[in-house]
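So you know, we letter chains A, B, ... as the sequences are listed, proteins then strands, and number each from 1.
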Number of protein chains: 2
Amino acid sequence: MRSVRDSLDLLGGKWKLPIIVGLSGGPQRFKQLQREVAGITAKMLSKELKELEINGLISRHVQADAAPVAVTYTLAAYGHTLFPVIEALHAWGQQHRAHIMHAGEAVAA
Amino acid sequence: MRSVRDSLDLLGGKWKLPIIVGLSGGPQRFKQLQREVAGITAKMLSKELKELEINGLISRHVQADAAPVAVTYTLAAYGHTLFPVIEALHAWGQQHRAHIMHAGEAVAA
DNA sequence: CATACCGGTATCCTTTGGGAAACCGCTATC
DNA sequence: GATAGCGGTTTCCCAAAGGATACCGGTATG
């Protein structure tokens with residue numbers, strides 16, 4: 001219970017988990033990531049990325065040599081430990097969508 | 001990704017999951033539950049319980065015959081489908097606490 | 001030259017989440 | 001009669017979350 005709340009403290013809010021999902025397929029550049037995490041503003045993305053980095057879940061790499069200075073964000077090793085959480089959420093969300101589609105029938109409680 | 005967000009829509013916020021955890025041990029009366037979910041106010045608990053009930057995750061039972069009208073909240077069958085989610089969150093939170101102790105470096109979000 | 005992309009930051013604003021405290025009728029207990 | 005517990009609701013209020021918009025210097029592209 002306390003541990004559930006600990007997790008929620010780190011991962012709570014509208015965007016943290018979606019961002020991690022967005023990075024779970026591999027490193028992404030800022031704008032790429034913004035497109036992937038549909039609906040997020042640059043301000044929010046920037047802010048959330050900072051917090052995620054502080055907590056060691058992702059890492060930020062700057063390639064200064066590149067022409068327009070590329071920045072990539074990568075899911076850190078510690079971030080990978082969140083996969084079970086994400087998978088559980090993913091599975092439940094999927095199941096829930098199906099559940100809702102079927103709703104409308106007689107529901108015996 | 002969309003499914004993760006769906007889950008977050010239903011379960012997001014500070015209290016929904018803690019409340020479900022609080023009910024996972026069996027039915028609880030309102031005040032009992034409030035004591036169990038440490039820190040929650042009656043207003044919040046009342047509001048969150050309504051939303052959880054609307055979404056079919058818990059059910060509310062009134063025993064009007066009893067002396068001071070007992071009300072009990074129970075995790076509905078559908079609420080039980082959240083156990084994998086809760087367990088994942090619980091495990092991660094526990095692990096994270098250990099992780100932080102080990103690193104000797106706690107960073108609050 | 002104009003436009004667009006990159007990786008953001010700064011400013012302003014609205015919405016919401018959520019806490020504190022008072023109060024409700026009812027009952028049982030001291 | 002006073003107090004306490006139950007299951008809440010109501011009101012007031014503040015802080016935080018989050019959205020919209022504009023802007024920055026740099027480069028490449030048409």
- Please list, chain by chain and in numerical order, all residues satisfying side chain to side chain contact (heavy atoms under 4.5 Å, CB included) with B/A77, sequence neighbours excluded.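 So B/A77 forms no side chain to side chain contact (heavy atoms under 4.5 Å, CB included) with any residue.
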- Task: Only counting residues at least two apart or in another chain, list the ones meeting side chain to side chain contact (heavy atoms under 4.5 Å, CB included) with B/A88.
- Result: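 With neighbours one apart ignored, the set is A/V85, A/A88.
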- What pairs of residues pass the side chain to side chain donor-acceptor pair (under 3.5 Å) test when at least one of them lies in residues 29-41 of chain A, not counting sequence neighbours?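 Qualifying pairs: A/Q28-A/E36.
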Give the rounded distance in Å between these two atoms: [atom1] of [X] and [atom2] of [N].
X	N	atom1	atom2	value
B/L45	C/dG17	CG	C1'	15 Å
B/L33	D/dC6	CG	C1'	14 Å
A/Q34	D/dT21	CD	P	14 Å
A/M44	C/dT16	CE	C1'	13 Å
B/L8	D/dA17	CG	P	15 Å
A/K16	D/dA16	NZ	C1'	12 Å
A/I19	D/dA17	CD1	P	14 Å

- Message: For A/H61, give me all partners under ring pair (Phe, Tyr, Trp, His ring centres under 6.0 Å), at least two apart in sequence or on another chain.
- Response: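 Checked A/H61 against ring pair (Phe, Tyr, Trp, His ring centres under 6.0 Å); zero matches.
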- Message: Going by the rule ring pair (Phe, Tyr, Trp, His ring centres under 6.0 Å), which residues pair with A/H99 if we only count those two or more places apart in sequence or in a different chain?
- Response: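 Here the qualifying residues are B/Y78.
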- Query: Would B/R60 and B/E53 pass as an ion pair if we require N to O under 4.0 Å?
  - Reply: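 Not counted as a salt bridge, because no side-chain N and carboxylate O are separated by less than 4.0 Å.
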Please write out the pairs of protein N or O atoms and N or O atoms of nucleotides 5-9 of chain C separated by less than 3.5 Å, giving the distance to one decimal.
{"from": "C/dC6", "atom 1": "OP1", "to": "A/R35", "atom 2": "NH2", "distance (Å)": "3.3"}
{"from": "C/dC6", "atom 1": "OP2", "to": "A/R35", "atom 2": "NH2", "distance (Å)": "2.8"}
{"from": "C/dC6", "atom 1": "O3'", "to": "A/R29", "atom 2": "NH2", "distance (Å)": "3.0"}
{"from": "C/dG7", "atom 1": "OP1", "to": "A/R29", "atom 2": "NE", "distance (Å)": "2.9"}
{"from": "C/dG7", "atom 1": "OP1", "to": "A/R29", "atom 2": "NH2", "distance (Å)": "3.2"}
{"from": "C/dG7", "atom 1": "OP1", "to": "A/V71", "atom 2": "N", "distance (Å)": "3.3"}
{"from": "C/dG7", "atom 1": "OP1", "to": "A/V71", "atom 2": "O", "distance (Å)": "3.4"}
{"from": "C/dG7", "atom 1": "OP2", "to": "A/K31", "atom 2": "N", "distance (Å)": "3.1"}
{"from": "C/dG7", "atom 1": "N7", "to": "A/K31", "atom 2": "NZ", "distance (Å)": "3.4"}
{"from": "C/dG8", "atom 1": "OP1", "to": "A/R60", "atom 2": "NH1", "distance (Å)": "2.2"}
{"from": "C/dG8", "atom 1": "OP2", "to": "A/R60", "atom 2": "NH1", "distance (Å)": "3.3"}
{"from": "C/dG8", "atom 1": "OP2", "to": "A/Y73", "atom 2": "OH", "distance (Å)": "2.7"}
{"from": "C/dT9", "atom 1": "OP1", "to": "A/K50", "atom 2": "NZ", "distance (Å)": "3.3"}
{"from": "C/dT9", "atom 1": "OP2", "to": "A/S46", "atom 2": "OG", "distance (Å)": "2.5"}
{"from": "C/dT9", "atom 1": "OP2", "to": "A/K50", "atom 2": "NZ", "distance (Å)": "3.2"}

